[in-house]
Amino acid sequence: MIISVISAKGGVGKTFFCANISAKLSSNKNKTVVVDFNNGFRNLDIALGLENQITYTLDDVFSEKCTIDEVIFEDTGYDNLHFIPASQNTNPVIYLETAEKLLKQLNDMYDYVVIDCMTSFNDVVKHILSISDQILVVTTPDIISVRNADVIINSIDADKVRLIINKMPIEKTFPDYLMNADEVIDNLQVKLCGIINSEDCVEKSLLTGRLAIYDNEVLNSVFTNIANRISGKEVPIYKFQYKKPNKSFKLFK
């Protein structure tokens, strides 16, 4: 199964999500590969604690400096989880035919292929999304992120799209400048796959290469829930209880 993860803007936690959901999917004895397509802005290797161990990148595959088998990093430290890093080159030559061949070959080799898509909505990203089985759109519950996510959702096959709401506050009093989950869903009109709460450990986990699901019990439960839903299991959304001020948000269409 090819799962593309995309966001309309930076800072919503897309790479954090990709790293943790890939590890959670692989922990269920599913052979999983996570592919960083953020050429020029590679961060997934840091999130996985592999920044000093990269030999080949996607750019090397596209320029025929290495094979698909050679670019796959297998010794990630996580059972059943492999990794393909992006290039630091900001102007890589990416051929759509090569990208499609790569993803189809990976789909034959693995149970799950998780793609950390670049934020720019270019022809390469559109092609990747077109051959994906699931598209997970990551947003945060603020009006800027939600409005930008709406632009992407209206430009792709909505039947494939499922929503991830990240950085959801769990304080007893919900900030009045943020949307609650129902408001985000009402505005975007897509199926919800999961809600991820805001936790203080997230930034540290990204910078130290130690995945948050192994240090935070709540996040571990949240990602287990999302992984089950991705795999087709009918489980309820892991939701949080908060007191929301009486203020509603509506995007301009």
Side-chain angles (χ1 to χ4, degrees), residues 1-7 12-38 42-51 53-54 69 71-86 103 105-117 132-138 162-168 192-240:
M1 179 188 292
I2 299 176
I3 304 166
S4 286
V5 183
I6 190 169
S7 63
V12 301
K14 173 172 60 69
T15 296
F16 162 77
F17 175 79
C18 284
N20 283 273
I21 196 60
S22 298
K24 181 56 67 173
L25 288 169
S26 69
S27 68
N28 293 328
K29 298 183 179 180
N30 295 306
K31 194 173 181 183
T32 304
V33 62
V34 57
V35 186
D36 191 346
F37 255 94
N38 280 289
R42 185 177 76 205
N43 290 313
L44 193 52
D45 57 326
I46 297 176
L48 293 169
L50 304 173
E51 66 272 18
Q53 302 180 51
I54 304 304
D69 289 334
V71 79
I72 297 173
F73 190 90
E74 298 184 355
D75 188 18
T76 62
Y78 302 99
D79 291 341
N80 304 307
L81 178 61
H82 295 169
F83 170 56
I84 297 180
L103 295 178
Q105 183 170 332
L106 293 175
N107 200 31
D108 291 336
M109 297 167 59
Y110 293 90
D111 298 306
Y112 293 105
V113 180
V114 180
I115 304 170
D116 185 357
C117 292
S132 299
D133 299 295
Q134 288 190 32
I135 301 170
L136 302 180
V137 176
V138 181
R162 303 176 82 180
L163 184 65
I164 301 293
I165 306 175
N166 192 28
K167 300 184 181 181
M168 181 64 77
L192 180 65
C193 187
I195 303 171
I196 304 170
N197 54 302
S198 180
E199 291 283 348
D200 293 336
C201 68
V202 170
E203 183 178 5
K204 180 180 178 180
S205 74
L206 281 170
L207 297 177
T208 60
R210 171 73 181 178
L211 296 183
I213 56 174
Y214 296 114
D215 293 326
N216 186 289
E217 185 176 342
V218 175
L219 286 176
N220 183 54
S221 298
V222 168
F223 276 94
T224 297
N225 180 276
I226 295 173
N228 285 334
R229 292 178 66 81
I230 289 173
S231 65
K233 295 180 181 178
E234 295 292 335
V235 295
I237 293 286
Y238 194 108
K239 286 192 174 183
F240 307 93

Can a donor-acceptor pair be found, under 3.5 Å and without considering hydrogens, that links the side chain of [X] to the backbone of [Y]?
X      : Y      : answer
Asn107 : Leu103 : no
Asn20  : Ile213 : yes
Asn228 : Lys233 : no
Thr15  : Asn43  : no
Asp116 : Asp36  : no
Arg210 : Asp215 : no

Can you list everything that forms a side-chain hydrogen bond (donor to acceptor under 3.5 Å, both in side chains) with [X]? Sequence neighbours excluded, please.
X      : result
Tyr110 : His82
Asn225 : none
Asn220 : Lys24

With a cut-off of 6.0 Å (strictly less than), are more than 12 heavy atoms of other residues, nucleotides or ligands near CD of Glu51? yes
Note, [X] side chain near [Y] side chain (heavy atom, < 4.5 Å):
X      : Y      : result
Asn80  : Asp111 : no
Met109 : Val33  : no
Ser4   : Phe37  : no
Leu106 : Ile84  : yes

To the nearest 0.5 Å, tell me how far [X] [atom1] sits from [Y] [atom2].
X      : Y      : atom1 : atom2 : answer
Cys193 : Ile3   : SG    : CD1   : 8.5 Å
Ile135 : Ile2   : CD1   : CD1   : 11.0 Å
Asn30  : Ser22  : CG    : OG    : 11.5 Å
Phe17  : Leu136 : CZ    : CG    : 5.0 Å
Ser198 : Asn166 : OG    : CG    : 8.0 Å
Tyr112 : Ser231 : OH    : OG    : 4.5 Å

Specify the closest pair of heavy atoms between [X] and [Y], including all atoms of both residues, with the distance to one decimal.
X      : Y      : answer
Ser26  : Asp79  : OG-O, 3.2 Å
Leu163 : Leu192 : O-CD1, 3.5 Å
Ile237 : Gly194 : CD1-N, 4.0 Å
Val222 : Ile195 : CG1-O, 3.3 Å
Ser7   : Val12  : CB-CG2, 3.4 Å
Lys204 : Thr208 : O-OG1, 2.7 Å

Going through the distances and angles, do Leu219 and Asn197 end up as a side chain to side chain contact (heavy atoms under 4.5 Å, CB included)? CA-CA 7 Å; Leu219 286 176; Asn197 54 302; 3.6 Å; yes
Start with the C-alpha gap between Leu211 and Tyr78, add the side-chain angles, then the distance that decides, and say whether side chain to side chain contact (heavy atoms under 4.5 Å, CB included) holds. CA-CA 10 Å; Leu211 296 183; Tyr78 302 99; 3.5 Å; yes
CA sep, side-chain torsions, deciding dist, call: Thr76, Leu48, side chain to side chain contact (heavy atoms under 4.5 Å, CB included): CA-CA 7 Å; Thr76 62; Leu48 293 169; 5.5 Å; no
Worked verdict on Ile164 versus Ile21 for side chain to side chain contact (heavy atoms under 4.5 Å, CB included): CA-CA 11 Å; Ile164 301 293; Ile21 196 60; over 6 Å; no
